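One structure below.
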Protein chains: 2
Amino acid sequence: MIKKETITEKQEKTARYAKAMGHPIRMYVLELLSKQSCCYSGDLTEELPIVKSTLSQHLKELKDVGLIQGEIEAPRIKYCINKENWKEAQLLFTELFES
Amino acid sequence: MIKKETITEKQEKTARYAKAMGHPIRMYVLELLSKQSCCYSGDLTEELPIVKSTLSQHLKELKDVGLIQGEIEAPRIKYCINKENWKEAQLLFTELFES
DNA sequence: AACTTTGTTCGGTATATTACGAACAAGGAA
DNA sequence: TTCCTTGTTCGTAATATACCGAACAAAGTT
């Protein structure tokens, strides 16, 4: 965490979102969920060249940063975009690119 | 590098840009350059809480991914946005968030 | 209760990232 | 030529990331 007021909270937040998006697997999941409303991680394990434990870690990262959310639908978990934060990220990136 | 056609080239590229943007220092530099047309890294060293060698590494990363470019203006180097790639990144992120 | 399915956590390993200071290179100024 | 300024590269260290397989936990099925 940078502590010198040169860097704004906004920049920190944008960077945090960008970092979470900075991996092909996570980018894939985000794009999928942004078009498809929801998915189950079992589906992802089949499509993606990684084992479930690794996928779980990537999903956790996306959850931790707030870009997705999971809802238990036993025995599976349904993932979707966290619309509020997704919108925030969209705004942050739009502002960045338009300035 | 993921090699299983699930993940598209576009997603790989977007993730690559996102990763480069995924650090507060680099985000700061990008935002500055996107509004200000150019800057010199000496200015950045004064504003930012890092030493010049660390800054040099961050700038190299942004250069390597193609988001900025440097022009020698001895004895300094003038940095600006690489407009072509910046536009590409903008497009990729816009598409991602709008889909 | 025993089994199955689904996903997380743990332990371990390999590689990448971030950071610093020292040393080096390039070029202008004295 | 000898400084000085600027920025890169090198060596090093601490921490983070990415990945796997095995073990574990939760909850529905048989």
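Every value quoted in this text rests on a predicted model; they were computed, and no experiment measured them. Numbers restart at 1 for each chain; the letters A, B, ... are given by sequence-line order, proteins then strands.
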Atom CD1 of B:I77 and atom P of C:dG28 are separated, to the nearest Å, by 13 Å
Please determine, by modelled atom types, if B:E47 and B:Y28 share a side-chain donor-acceptor pair under 3.5 angstrom. yes
Do A:S53 side-chain and D:dG21 base share a donor-acceptor contact under 3.5 Å? yes
Using a cut-off of strictly less than 4.0 Å between a heavy atom of the residue and any atom of DNA chain D, enumerate the qualifying residues of residues 59-67 of chain A by number. A:E61
Rounded interatomic separation in angstrom, taking CD1 from A:I50 and C1' from D:dC20: 11 Å
Expressed in angstrom and rounded to an integer, what is the separation of A:R76 atom CZ from D:dT29 atom P? 12 Å
Would you list the atom pairs, donor with acceptor, under 3.5 Å between side chains in residues 51-61 of chain B and any protein atom, with sequence neighbours excluded?
| residue | atom | partner | partner atom | Å |
| --- | --- | --- | --- | --- |
| B:H58 | ND1 | B:R26 | NH1 | 3.0 |
| B:K60 | NZ | B:D64 | OD2 | 3.0 |
| B:E61 | OE2 | B:R26 | NH1 | 3.1 |

Any side-chain N or O of B:H58 under 4.0 Å from OP1/OP2 of C:dA19? yes
Atom pair distance, as rounded to whole Å: CD in B:E73 and C1' in C:dA26: 16 Å
Please state how far atom CD1 in B:I72 lies from atom C1' in D:dT6, giving the value in whole angstrom units. 11 Å
For D:dT17, does OP1 or OP2 lie under 4.0 Å from any side-chain N or O of B:H23? no
Under a 3.5 Å cutoff, is there a donor and acceptor pairing between the side chains of B:T14 and B:Q11? no
Is any side-chain N or O of B:R26 closer than 4.0 Å to OP1 or OP2 of C:dT18? yes
OP1 or OP2 of C:dA19 sitting under 4.0 Å from any side-chain N/O of B:T54? no
To the nearest 0.5 Å, atom CD1 of B:I77 lies from atom NZ of B:K63 at 6.0 Å
For DNA chain D, which residues of residues 31-43 of chain A approach it to below 4.0 angstrom with any heavy atom? none
If you count heavy atoms of other groups shown closer than 6.0 angstrom to CD of B:E73, is the number above 12? yes
Quick one: A:K52 NZ to C:dT4 C1', roughly how many Å, whole number? 11 Å
Please answer whether the main-chain N or O of A:S41 pairs with a side-chain N or O of A:T45 as donor and acceptor at a distance below 3.5 Å. yes
Identify whether any heavy atom of B:K19 sits under 4.0 Å from a base atom; if not, whether one sits that close to sugar-phosphate; answer base, sugar-phosphate or nothing. sugar-phosphate
One should read off an interatomic distance between B:L62 CG and B:L30 CG, to the nearest 0.5 angstrom, of 5.0 Å
Parallel, tilted or perpendicular for B:F97 and A:W86, by the 30°/60° rule? tilted
Let me know the distance between CD of A:E71 and P of C:dG7, rounded to the nearest Å. 14 Å
Do A:K35 and A:E31 meet the salt-bridge criterion of a basic N to acidic O distance under 4.0 Å? yes
Shortest non-hydrogen pair, A:G70 vs A:Y79, comes out as CA-CD2, 3.7 Å
If I take atom CG in residue A:L48 and atom C1' in nucleotide D:dC20, what distance separates them, rounded to the nearest angstrom? 16 Å
Let me spell it out: for each of B:P75 and A:L55, pick the nucleotide of DNA chain C with the closest heavy atom. Which residue's pick is nearer the 5' end? A:L55
